[in-house]
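The chains referred to below are lettered A, B, ... by the order of the sequence lines, with proteins before strands, and numbering in each begins at 1. Just the heavy atoms: all of them, side chains too, but no hydrogens, waters or symmetry mates, feed the values below.
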Amino acid sequence: MAFDEMYREVILDHYKNPRGHGVIEGADAEADGQNPLCGDEVSIYVQFGADNETIEDVKFRGRGCAISQAATSMLTEMVTGRKATAIAEMPRDELLEEVGIPLSPVRLKCALLGLGVLKVALHRAKGTPLPEEWAGMDELKLT
Amino acid sequence: MAFDEMYREVILDHYKNPRGHGVIEGADAEADGQNPLCGDEVSIYVQFGADNETIEDVKFRGRGCAISQAATSMLTEMVTGRKATAIAEMPRDELLEEVGIPLSPVRLKCALLGLGVLKVALHRAKGTPLPEEWAGMDELKLT
Amino acid sequence: MAVTSARQLDAAALRAQFPIFEQAGGARRLAYLDSSNSSQKPRAVLDAMQTFYETSYANVHRGVYELADRAAAAFEDSREKVRAFVNAGSQREIIYTRNATEALNLVAYAWGLENLGPGDVALVTELEHHSNFVPWQLIAERTGATFAAIPIEGGNHELDLSKLDEIAKRGQIKVLAVGLVNNSLGVVNPVSELAAWAHEQGAICVVDACQAAPHRPIDVQTLGADFVAFTGHKMLGPTGIGVLWGRQELLQSMQPFNVGGGQIRHVSLEKTTWNDLPHKFEAGTPPIVEAIGLGAAIDYLNEVGLESIEDHEVEITEYALGRLGEIFGLTIFGPPLERRGGIISFDLDGVHPHDVAQILGNEGVAVRAGHHCTQPLMKRLGVAATTRASFYLYTLPEEIDRLVDGLHRAKKVFA
Amino acid sequence: MAVTSARQLDAAALRAQFPIFEQAGGARRLAYLDSSNSSQKPRAVLDAMQTFYETSYANVHRGVYELADRAAAAFEDSREKVRAFVNAGSQREIIYTRNATEALNLVAYAWGLENLGPGDVALVTELEHHSNFVPWQLIAERTGATFAAIPIEGGNHELDLSKLDEIAKRGQIKVLAVGLVNNSLGVVNPVSELAAWAHEQGAICVVDACQAAPHRPIDVQTLGADFVAFTGHKMLGPTGIGVLWGRQELLQSMQPFNVGGGQIRHVSLEKTTWNDLPHKFEAGTPPIVEAIGLGAAIDYLNEVGLESIEDHEVEITEYALGRLGEIFGLTIFGPPLERRGGIISFDLDGVHPHDVAQILGNEGVAVRAGHHCTQPLMKRLGVAATTRASFYLYTLPEEIDRLVDGLHRAKKVFA
Ligand SMILES: Cc1ncc(COP(=O)(O)O)c(C=O)c1O
Ligand SMILES: Cc1ncc(COP(=O)(O)O)c(C=O)c1O
């Protein structure tokens with residue numbers, strides 16, 4: 001794989017100018033997660049709309065590689081305006097298609113870190129399920 | 001190795017008609033030992049002479065393979081009339097020469113079981129040393 | 001012999017795939033009747049490991065370069081093969097250990113230290129291998145629990161299940177550790193029945209499948225146990241690897257055993273948290289290439305077919321029981337063919353097992369003499385040791401004939 | 001660079017003996033700069049294992065037939081090689097484990113559970129690998145002992161020995177666990193000095209030699225430690241095997257860790273006694289063929305010469321420090337050349353280590369990015385991860401050049 005395939009413009013753009021970066025004080029849902037292999041960290045904050053179900057605002061903070069941070073940035077754009085239950089069921093491929101680069105198993109974990117943390121946040125706030133498919137993600141230690 | 005080389009007449013004779021077989025009640029020195037690999041057991045009883053140093057009588061009891069029992073039988077003949085200190089220093093090759101057959105490492109342990117137990121018995125009674133060379137034998141659990 | 005639909009295996013043809021049998025090795029060919037001790041390896045297994053070292057070796061789980069990716073993928077592929085082999089619900093329930101002994105110690109330490117205490121009973125059987133006996137004895141001692149063993153009955157040396165009620169009165173049974181197939185006599189235990197009984201008592205059931213996994217299909221989901229352990233080197237795989245299967249809920253609720261390396265999620269001076277299953281129980285660099293070898297062994301076993309292997313062993317065992325039965329002064333221990341694995345332990349009157357095995361060994365017939373790491377059973381049988389012949393997919397009837405010839409020879413020497 | 005009498009090794013010639021470097025593997029050759037993670041294997045090691053499986057395989061310690069004799073002799077031969085390699089006083093002090101992590105857990109469990117309690121201090125360092133850190137944290141927690149770590153100082157990230165007196169006031173120091181060479185920054189610790197200090201405190205000293213044993217001569221008799229652990233796969237050997245050396249008196253006085261199999265002398269329902277050293281600590285079938293492979297690796301290392309290897313690595317490290325120092329925005333962690341193993345960890349401003357390693361990996365340059373199982377150290381450095389390049393006897397200067405080129409490329413991508 002050529003390096004430019006992996007670090008294509010859109011990834012670098014999201015990495016350097018992350019959307020939804022920040023903290024929501026008193027968020028309706030939040031969680032932190034870590035990739036134990038590399039130490040990448042993501043915290044996610046969610047604010048629901050009036051129906052208390054629709055994601056009105058979502059912000060994240062984190063440190064990590066371009067893949068993990070860019071994917072989380074993309075994620076915040078994708079989930080805004082959607083219901084918690086829909087996101088809980090969102091297949092990982094939906095995000096991976098958006099990320100749009102070939103990923104080895106190790107890098108896959110980077111790309112999926114943010115989505116895992118988001119599902120944990122929703123699970124804590126709404127009791128939405130954490131499907132088995134989220135190998136590893138359902139045991140994120142919440143600090 | 002041909003089987004008849006290993007089970008030569010003298011071995012079979014000592015095995016079937018062990019010398020020094022029996023128990024000495026109230027022996028001056030005694031010990032039991034086991035070969036953990038095969039469960040062979042030998043108990044040895046020693047009676048010292050008037051000088052309280054010379055082995056006047058030695059008897060053994062045990063169950064095990066022809067090699068272990070024949071070697072112990074041969075041993076009782078070899079040590080009678082010798083001093084405890086001399087036996088404590090007796091090199092294993094002296095016994096092995098008497099046994100006189102080629103032995104693999106596993107069978108070596110069979111052949112040396114009796115000598116090990118005897119050295120432990122003398123060690124307990126007389127404080128004679130248990131040389132490192134007796135790989136394994138110096139930790140014989142005394143039951 | 002049971003009529004099954006499994007296709008019959010051609011042991012002589014399979015044998016040609018095992019390099020060890022190719023050796024000139026003097027005039028005599030090797031009659032290897034010690035497979036329950038450890039099996040020989042087909043070329044496919046050796047080649048898989050060699051090729052992996054030559055083309056794909058790197059540590060797993062940690063690198064982002066191509067070799068590391070390849071190594072990690074192959075390693076996890078092997079775990080999937082093991083999962084499918086025992087029909088576990090998830091790869092996360094498959095833990096690689098050093099050998100079966102470590103797998104059993106893992107359960108004893110990690111589950112036992114937290115869950116046993118005074119008034120509890122850790123129950124094993126008199127048929128257990130030391131590796132499924134002593135860990136529970138040790139942890140019972142550490143925790144103040146009672147340690148007990150289901151006895152055997154005299155005739156066929158099978159477990160005496162009529163004693164269960166009595167044993168249950170000794171305290172709260174918390175764990176039952178039992179083997180699927182006993183390694184010294186070949187006794188097949190009624191494990192599903194025992195697991196159900198254990199669960200009624202509120203106990204977990206830990207199954208030692210070392211002598212079963214290589215020889216007959218295992219389905220952990222129907223077996224009814226909570227943990228199942230087996231070992232690579234007895235099932236055509238390499239040394240240095242064992243497997244523990246455990247129920248996910250249990251594994252999740254347990255503390256880890258060995259700690260360090262990739263077993264960890266987060267470490268600080270104040271607190272450490274553990275990685276996900278199965279990694280939580282795999283501390284340090286795992287037996288990477290051994291896992292590749294075990295995966296290749298499982299491929300090989302699947303290709304031959306476990307049912308076919310079982311059938312072949314039944315056939316060989318039946319033949320051996322018949323031929324050994326002809327020898328005057330020879331006593332066979334254990335149950336009838338229907339409840340026996342491909343293992344025969346016997347006593348030859350007047351000749352110590354060590355001497356029997358030696359004389360056989362000198363003839364190129366490899367059998368094992370000893371207590372087979374089942375001393376409590378030997379004590380019950382009233383012997384210090386037995387001579388044991390054990391069979392596998394490559395065993396030929398002519399090897400049984402050579403065993404019998406050798407036994408006649410031993411009798412002559414000691415006559 | 002120190003002037004020594006060791007003959008200079010020819011890395012390019014040695015490299016030809018490692019099959020992994022022969023692969024076509026696309027256009028680019030492999031620049032393997034991840035040897036501190038795991039080393040590649042010379043053909044001699046692979047062949048030794050393959051040949052053993054093909055001609056001499058059997059379980060050890062148990063059979064009286066010829067294969068079993070041969071296997072047992074080869075297995076104990078390997079132990080003698082390991083003994084000589086670290087100059088241990090006796091083979092009985094050499095224990096084979098699953099890996100270094102298990103060796104360190106063995107000490108923590110078997111020695112620590114019996115010898116630690118409230119008021120005692122289990123002391124590690126901030127430079128420790130998780131495998132020499134977390135076991136003591138766990139056992140301290142289990143036993144009520146205090147857990148503490150010797151901190152590093154800011155400049156060169158070396159241990160701050162001025163803190164020892166203060167630490168000694170926190171309780172009775174009972175164990176000091178310290179690495180000879182740190183795996184993430186390459187810091188060489190003054191272990192003899194620390195072991196002497198530990199002994200003054202009445203503590204034992206447990207040394208993690210994983211990053212030392214493959215690269216420089218070790219003499220356990222002059223080192224002054226009580227236990228030394230290392231791992232096969234980092235020293236040209238196979239996966240699935242580690243080594244624990246321990247002082248005989250200590251090993252003898254300890255309870256076993258894993259129990260079962262050949263680790264036992266006598267078992268009954270009432271009581272179990274343990275086999276002699278080293279078997280007391282080797283439960284179940286040992287990593288037999290892995291031991292053969294490790295023995296072959298030691299032969300290979302001896303033939304090349306540990307001093308020559310060390311010299312070569314110093315040379316490569318010096319070259320790498322120089323070339324990396326040219327890169328603007330690159331920060332190198334750790335001490336100067338004189339107190340550094342063949343390991344360089346660095347930070348490239350503005351590019352996350354994972355991305356650095358990925359870009360390098362895409363160019364065929366294998367380095368590791370991450371916390372290297374030293375999270376407490378990372379925290380002290382104020383980073384989540386570093387990029388690490390590590391060297392061995394087969395490392396060539398041109399691989400360093402390719403590393404440097406790749407780093408320039410990474411900077412351009414993230415500019
Ligand atoms: C310093 C150090 N200690 C311990 C270990 C653990 O070795 P293993 O993974 O073989 O148990 C490693 C390797 O990862 C290491 O570098
Ligand atoms: C029934 C049984 N359990 C456990 C073991 C131990 O297996 P390992 O030595 O591979 O740990 C064996 C083999 O020796 C066995 O036959």
Side-chain angles (χ1 to χ4, degrees), chain C residues 19-20 23 34 37-38 40-41 46 50 53-55 57-59 62-67 98-102 104-105 130-131 133-135 137-138 149 233 238-241 258-261 264 266-269 272 283-285 287-290 354 357-358 361 366 368-370 373 375-376, chain D residues 19-20 23 34 37-38 40-41 46 50 53-55 57-59 62-67 98-102 104-105 130-131 133-135 137-138 149 233 238-241 258-261 264 266-269 272 283-285 287-290 354 357-358 361 366 368-370 373 375-376:
Chain C
I20 197 107
Q23 298 180 73
D34 197 22
N37 191 355
S38 197
Q40 296 297 339
K41 326 297 173 198
L46 303 185
Q50 185 96 349
Y53 272 127
E54 288 178 359
T55 64
Y57 181 75
N59 213 330
R62 295 177 188 177
V64 293
Y65 49 88
E66 194 195 333
L67 269 186
R98 157 197 174 91
N99 52 25
T101 302
E102 193 200 20
L104 295 164
N105 276 270
H130 293 168
S131 296
F133 187 103
V134 186
Q137 187 178 33
L138 182 88
H233 67 92
T239 53
I241 189 163
N258 287 327
V259 289
I264 279 160
H266 185 74
V267 178
S268 73
L269 193 61
T272 291
T285 301
I288 300 170
V289 186
E290 290 71 17
H354 239 170
Q358 182 76 58
R368 189 172 168 200
C373 295
Q375 288 181 7
Chain D
I20 196 107
Q23 299 180 73
D34 197 23
N37 191 356
S38 196
Q40 296 297 339
K41 326 296 173 197
L46 303 184
Q50 185 96 348
Y53 272 126
E54 288 179 358
T55 64
Y57 182 75
N59 212 329
R62 296 176 187 178
V64 294
Y65 50 88
E66 194 195 334
L67 269 188
R98 155 199 177 89
N99 53 25
T101 302
E102 193 200 19
L104 295 163
N105 276 270
H130 293 167
S131 295
F133 187 103
V134 186
Q137 187 179 33
L138 182 87
H233 66 91
T239 52
I241 189 163
N258 287 326
V259 289
I264 279 159
H266 185 74
V267 178
S268 73
L269 193 60
T272 291
T285 301
I288 300 170
V289 187
E290 289 71 17
H354 239 171
Q358 182 76 58
R368 188 172 168 200
C373 295
Q375 288 182 7

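Within the 4.5 angstrom heavy-atom criterion, atoms from both the backbone and the side chain of C:E54 approach chain D. Only the side chain of C:L138 comes within contact range of chain D, judged by heavy atoms closer than 4.5 Å. Of the two parts of C:I264, only the side chain, counted from C-beta on, holds a non-hydrogen atom closer than 4.5 Å to a non-hydrogen atom of chain D. If you measure heavy-atom distances from C:I241 to chain D, you find no contacts under 4.5 Å at all. Residue D:N99 touches chain C through its side chain alone, counting heavy-atom pairs closer than 4.5 Å.
The closest donor-acceptor contact from the side chain of D:E102 to the backbone of C:A283 lies at 3.5 Å or more, if one exists at all. With hydrogens and angles ignored, the 3.5 Å screen pairs a side-chain donor or acceptor of C:K41 with a backbone N or O of C:H233.
Side-chain contact check for C:Q375 and D:H266: at least one donor-acceptor pair (N or O, by modelled atom type) lies under 3.5 Å. In the model, C:T239 has no side-chain atom that pairs as donor or acceptor with a side-chain atom of D:Y57 under 3.5 Å.
With sequence neighbours left out, C:S131 forms a side chain to side chain contact (heavy atoms under 4.5 Å, CB included) with C:T101, C:L104, C:H129. Take C:E290 and apply the salt bridge (Lys or Arg N to Asp or Glu O under 4.0 Å) test, not counting sequence neighbours, and it matches no residue.
The most heavy-atom pairs under 4.5 Å with chain C, out of D:A58, D:P238, D:G370, D:A149, come from D:P238. Counting heavy-atom pairs under 4.5 Å between each of D:S38, D:A357, D:A100 and chain C puts D:S38 at the top.
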